[in-house]
Peer 1: 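My questions will all concern the structure given below.
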Amino acid sequence: MSRPVIGIIGNTYSVENRFSVQMAGEKNLQAVVDVTDALPLIFAGDPQMTDISDLLDVVDGILLTGARANVHPSRFGAEPDPRHEPYDERRDSIALPLIEACVERAVPLFGICRGFQEMNVAGGGSLHPEIRELPGRINHRMPRLETGEIHPDPTVVFADRHNVRLIPDGVFARILGSDLVRVNSLHGQGVLQLGDKIIAEGVAEDGTIEAIRFTDAKGFALGVQWHAEYDPQDNPVNRSLFQAFGAAVKAYKRSR
């Protein structure tokens, strides 16, 4: 096979309240196809169906996507609350050890939104279920109508909403060619305590951590809080991130 393979984690959903399925948003698959020039491969976000070692023998990179469900609070020493459901504990059970395995084996890893949050937890950090409730923070959730319904126009929902200041000459700044970028925002949960194995390379105007990397990773191991998969075909920031991920995936494939 000439093209590299990028594994995309599945999320547990119920269809018609009867059928349990594993799903991944097409925007993630399309970003992989269009920008990384790799083959997207959805794998089950469930340790009963996915063996990490076998998976990493097959793929050349891992994309941890965003999702509706929050990381379960027990994973970082907090108490669950029905207000912050749903959770996807099956995904937690595969994603966290998978992150550690990718870091150890130098398998390129890119985390987006929930994937970014999983990376912080795997690195020893914690999360806050409603980042907007912290003093001085803005509402990072997706825009809604006055009725409370989610705005029907995806261009409004995924519009760039705030700046992120990057560490000068950091990994992200070098990839993006700037110390300041503007990004979309569609999350409730966010980083509370940074993991001891994690470095924050990007912070929003209100202090919310938006871009991270693993300190001891042998390869590409980056995460962003925003939804970079939405428009990397046209958005220069998100395109550069997926291109860098794709380059790392190709290099890893060549090294095997």
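This is a predicted model, so every value here is computed, not measured.
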Peer 1: Output all residues satisfying ring-ring contact (aromatic ring centres under 6.0 Å, His included) with Phe43, sequence neighbours left out; order by chain, then residue number.
Peer 2: none

Peer 1: Walk me through it: do Val183 and His162 pass the test side-chain contact (heavy atoms from CB on, under 4.5 Å)?
Peer 2: CA-CA 6 Å; Val183 303; His162 64 72; 3.6 Å; yes

Peer 1: Please check if the number of heavy atoms outside Gln193 that lie under 6.0 Å from its CD is greater than 12.
Peer 2: no

Peer 1: Just checking, is any N or O donor in the side chain of Gln22 or Thr12 under 3.5 Å from an acceptor N or O on the other one?
Peer 2: yes

Peer 1: Give me the one residue out of Gln189, His187, Arg75 that meets side chain to side chain donor-acceptor pair (under 3.5 Å) with Gln117.
Peer 2: Gln189

Peer 1: Look at Arg213 together with Glu201 and state whether they make a salt bridge at an N to O cut-off of under 4.0 Å.
Peer 2: yes

Peer 1: Where do Asn11 and Arg91 land on the side chain to side chain donor-acceptor pair (under 3.5 Å) test, with the steps shown first?
Peer 2: CA-CA 7 Å; Asn11 300 287; Arg91 172 164 166 167; 2.5 Å; yes

Peer 1: Given the rule in the side-chain contact (heavy atoms from CB on, under 4.5 Å) test, do Leu56 and Leu98 qualify, once you have shown the distances and angles that lead to the verdict?
Peer 2: CA-CA 9 Å; Leu56 295 185; Leu98 175 59; 3.9 Å; yes

Peer 1: Please tell me whether Asp51 and Ser53 have a donor and an acceptor in their side chains that are separated by less than 3.5 angstrom.
Peer 2: no

Peer 1: Looking at Glu26, I'd like to know if its CD atom is crowded, meaning that more than 12 non-hydrogen atoms belonging to other residues, nucleotides or ligands lie closer than 6.0 Å.
Peer 2: no

Peer 1: Between Asp206 and His140, do the side chains contain a donor N or O and an acceptor N or O under 3.5 Å apart?
Peer 2: yes

Peer 1: Do the numbers put Lys197 on top of the ring of Phe214, so that NZ or CZ is under 6.0 Å from the six-membered ring centre and no more than 45° off the axis?
Peer 2: no

Peer 1: Is the ring pair Phe242/Phe110 parallel, tilted or perpendicular, if the boundaries are 30 and 60 degrees?
Peer 2: perpendicular

Peer 1: Whether Asp34 and Arg239 form a salt bridge (side-chain N of Lys/Arg under 4.0 Å from carboxylate O of Asp/Glu) is what I want to check.
Peer 2: no

Peer 1: Salt bridge or not for Asp60 and Lys250, using N-O below 4.0 Å?
Peer 2: no

Peer 1: For Asp234, is there any backbone N or O sitting under 3.5 Å from a side-chain donor or acceptor partner on Asp231?
Peer 2: no

Peer 1: With Arg137, which residues qualify under salt bridge (Lys or Arg N to Asp or Glu O under 4.0 Å), at least two apart?
Peer 2: none

Peer 1: Would you say Thr215's side chain and Ile198's backbone share a donor-acceptor pair under 3.5 angstrom?
Peer 2: no

Peer 1: With a 3.5 Å cut-off and no angle check, do the side chains of Asn184 and Asp160 form a donor-acceptor pair?
Peer 2: no

Peer 1: Taking only residues two or more places apart in sequence or in another chain, which ones pass ring-ring contact (aromatic ring centres under 6.0 Å, His included) with His227?
Peer 2: none

Peer 1: Hey, does the side chain of Asn120 reach the backbone of Gly195 with a donor-acceptor pair shorter than 3.5 angstrom?
Peer 2: yes

Peer 1: Are Glu205 and Arg165 close enough for a salt bridge, meaning some N to O gap below 4.0 Å?
Peer 2: no

Peer 1: To the nearest 0.5 Å, tell me how far Leu241 CG sits from Leu222 CG.
Peer 2: 8.0 Å

Peer 1: Does a salt bridge link Arg144 with Glu149, judged by any charged N lying under 4.0 Å from a carboxylate O?
Peer 2: no

Peer 1: Verify whether one side chain among Arg132 and Thr208 offers a donor that lies under 3.5 Å from an acceptor in the other.
Peer 2: no

Peer 1: Salt bridge between Asp92 and Arg114, side-chain N to carboxylate O under 4.0 Å?
Peer 2: yes

Peer 1: Take Val59 and Leu41 through the test side-chain contact (heavy atoms from CB on, under 4.5 Å) and record every step on the way to the result.
Peer 2: CA-CA 8 Å; Val59 303; Leu41 176 67; 4.2 Å; yes

Peer 1: Any side-chain donor paired with an acceptor under 3.5 Å for Arg3 and Thr36?
Peer 2: no

